[in-house]
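Some notes on the structure that comes next.
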Amino acid sequence: LLEYKGQIYTLEAINKMRDENKAFFDKVVLVLIGSGELEEKLKSYISDNHLEGHVKMLGYRNDYINYVNMADVMVHPTRANEDMPLIILSAMSLGKPVISCNFAGIPEEVEHLKSGILLDPQSDRFVDDLCKAIPLVYEKKIEFGRRGKEIFDADFSEHKYEEGLSFIYDHYLNRQQK
């Protein structure tokens, strides 16, 4: 739970949803897993905005993947300091659609409007965009999740990782032998 991870923006988007999309808001349950420097700030925001029925903070968990598997949508609004978040790949491996930001290696993982939605991390309307993206991705969760799983299997699976390492080692060894 760190500033750059953007969890506060997800809370703000859900709070905004209460006014803009009440029917969807009534169904939303956000699960935050982890601990960190923003934990108390996030808890205060949840309490101050009466979101306790919609947000569960579980702290650090070794079994986080079980919660990813239970989720309908993975929201990862990180806006800095991430190259290629493994949590996104974990979600995609389970066929979960993803909402994240269009920077660093994230567009290499998520195809915008095909396996999820990529938001502009510099937008002044970031919270508004996130508020709209969550129900949109939820509506397309099966289609987006299926495409995310295809991308994972084709580009990021254990088999592809092994192939990539083998190529690097073979290339390096061939160069050494010449």
Side-chain angles (χ1 to χ4, degrees), residues 1-10 13 29-39 42 56-123 126 129-130 133-178:
L1 305 175
L2 303 167
E3 189 76 38
Y4 75 89
K5 295 277 189 179
Q7 293 100 347
I8 190 68
Y9 303 114
T10 306
V29 176
L30 172 66
V31 176
L32 293 175
I33 297 174
S35 58
E37 62 193 40
L38 287 188
E39 192 165 348
L42 297 175
K56 307 298 179 205
M57 292 189 66
L58 303 183
Y60 177 80
R61 302 199 50 112
N62 286 324
D63 62 346
Y64 72 91
I65 198 70
N66 295 329
Y67 292 90
V68 174
N69 196 32
M70 288 187 287
D72 290 316
V73 175
M74 165 60 73
V75 180
H76 188 68
T78 187
R79 295 174 77 178
N81 299 333
E82 296 260 17
D83 292 327
M84 186 172 270
L86 295 178
I87 191 65
I88 290 176
L89 293 177
S90 295
M92 291 170 62
S93 76
L94 296 168
K96 304 301 176 179
V98 175
I99 299 169
S100 195
C101 288
N102 189 12
F103 81 97
I106 297 170
E108 301 296 322
E109 297 172 312
V110 179
E111 284 184 343
H112 182 59
L113 297 176
K114 293 185 180 171
S115 65
I117 290 184
L118 295 174
L119 302 172
D120 177 359
Q122 304 304 317
S123 172
F126 187 79
D129 295 343
L130 184 53
I134 294 169
L136 176 62
V137 170
Y138 181 80
E139 284 178 26
K140 296 182 174 274
K141 67 183 177 184
I142 294 172
E143 174 188 338
F144 283 6
R146 187 176 299 126
R147 179 64 187 139
K149 177 80 167 105
E150 289 170 0
I151 293 167
F152 177 83
D153 289 344
D155 298 334
F156 301 105
S157 67
E158 187 175 321
H159 175 72
K160 290 306 276 187
Y161 179 75
E162 289 170 359
E163 274 183 5
L165 280 180
S166 293
F167 175 79
I168 291 168
Y169 287 133
D170 290 346
H171 180 74
Y172 178 74
L173 289 174
N174 286 337
R175 283 182 53 197
Q176 294 292 14
Q177 292 174 356
K178 289 182 179 182

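FYI, the numbering just counts along the sequence from 1.
- Remark: E39 pairs with K43 by the salt bridge (charged side-chain N to carboxylate O under 4.0 Å, His left out) rule, at least two apart or across chains.
- With sequence neighbours left out, the side chain to side chain donor-acceptor pair (under 3.5 Å) criterion links D72 to K141.
- Heavy atoms only, all atoms of each residue included: H112 and L118 are closest at ND1-N, 3.0 Å.
- Qualifying side-chain contact (heavy atoms from CB on, under 4.5 Å) partners for A71, counting only residues two or more places apart in sequence or in other chains: none.
- Judged as a salt bridge (charged side-chain N to carboxylate O under 4.0 Å, His left out), and not counting sequence neighbours, E139 has no contacts.
- The list of ring pair (Phe, Tyr, Trp, His ring centres under 6.0 Å) pairs with a residue in residues 136-155, not counting sequence neighbours, reads F24-Y138.
- Side-chain contact between I151 and K114 is absent, with no heavy-atom pair separated by less than 4.5 Å.
- Annotation: cation-pi geometry satisfied between R79 and Y9 (NZ/CZ under 6.0 angstrom from ring centroid, within 45° of ring axis).
- Distance CG/L89 to CE/M84: 6.5 Å, rounded to 0.5 Å.
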F126 and C101: CA distance, side-chain angles, deciding distance, side chain to side chain contact (heavy atoms under 4.5 Å, CB included) verdict: CA-CA 10 Å; F126 187 79; C101 288; 3.5 Å; yes
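- By the salt bridge (charged side-chain N to carboxylate O under 4.0 Å, His left out) test, E150 pairs with R147, sequence neighbours left out.
- Q7 contributes atom CD, which lies 8.5 Å from atom NE2 of H76 (distance to the nearest 0.5 angstrom).
- I168 meets the side-chain contact (heavy atoms from CB on, under 4.5 Å) test with no other residue; sequence neighbours excluded.
- Between the OH atom of Y64 and the CD1 atom of I33 there is a distance of 9.5 Å, given to the nearest 0.5 Å.
- Residues passing the side chain to side chain donor-acceptor pair (under 3.5 Å) test with N81, sequence neighbours excluded: none.
- With I99 as the partner, the side chain to side chain contact (heavy atoms under 4.5 Å, CB included) test is satisfied by one option alone out of L130, L136, V110: L130.
- Residue I106 holds its CD1 atom at 6.0 Å from CD of E82, rounded to the nearest 0.5 Å.
- D170 is linked by a salt bridge (charged side-chain N to carboxylate O under 4.0 Å, His left out) to nothing, counting only residues two or more places apart in sequence or in another chain.
- Residues passing the side-chain contact (heavy atoms from CB on, under 4.5 Å) test with D120 are Q122, S123, sequence neighbours excluded.
- Y60 is listed as a side-chain neighbour of N62, based on a closest heavy-atom distance under 4.5 Å.
- Within 6.0 Å of the CG atom in L113, the count of heavy atoms belonging to other residues, nucleotides or ligands exceeds 12.
- Note that the CZ atom of R146 and the OG atom of S115 stand 13.0 Å from one another [nearest 0.5 Å].
- By the 6.0 Å contact criterion, NZ on K140 is open, its count of non-hydrogen atoms from other residues, nucleotides or ligands being 12 or less.
- Remark: F103 pairs with no residue by the ring pair (Phe, Tyr, Trp, His ring centres under 6.0 Å) rule, at least two apart or across chains.
- Taking CD1 from I117 and OG from S100, the interatomic distance works out to 11.5 Å, rounded to the nearest 0.5 Å.
- Among residues two or more places apart in sequence or in another chain, the side-chain contact (heavy atoms from CB on, under 4.5 Å) test is passed with L2 by Y4, K5, E37.
- Proximity of P77 to L119: side-chain heavy atoms (C-beta onward) are nowhere separated by under 4.5 Å.
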Derivation of the side chain to side chain contact (heavy atoms under 4.5 Å, CB included) call for M74 and L94: CA-CA 11 Å; M74 165 60 73; L94 296 168; over 6 Å; no
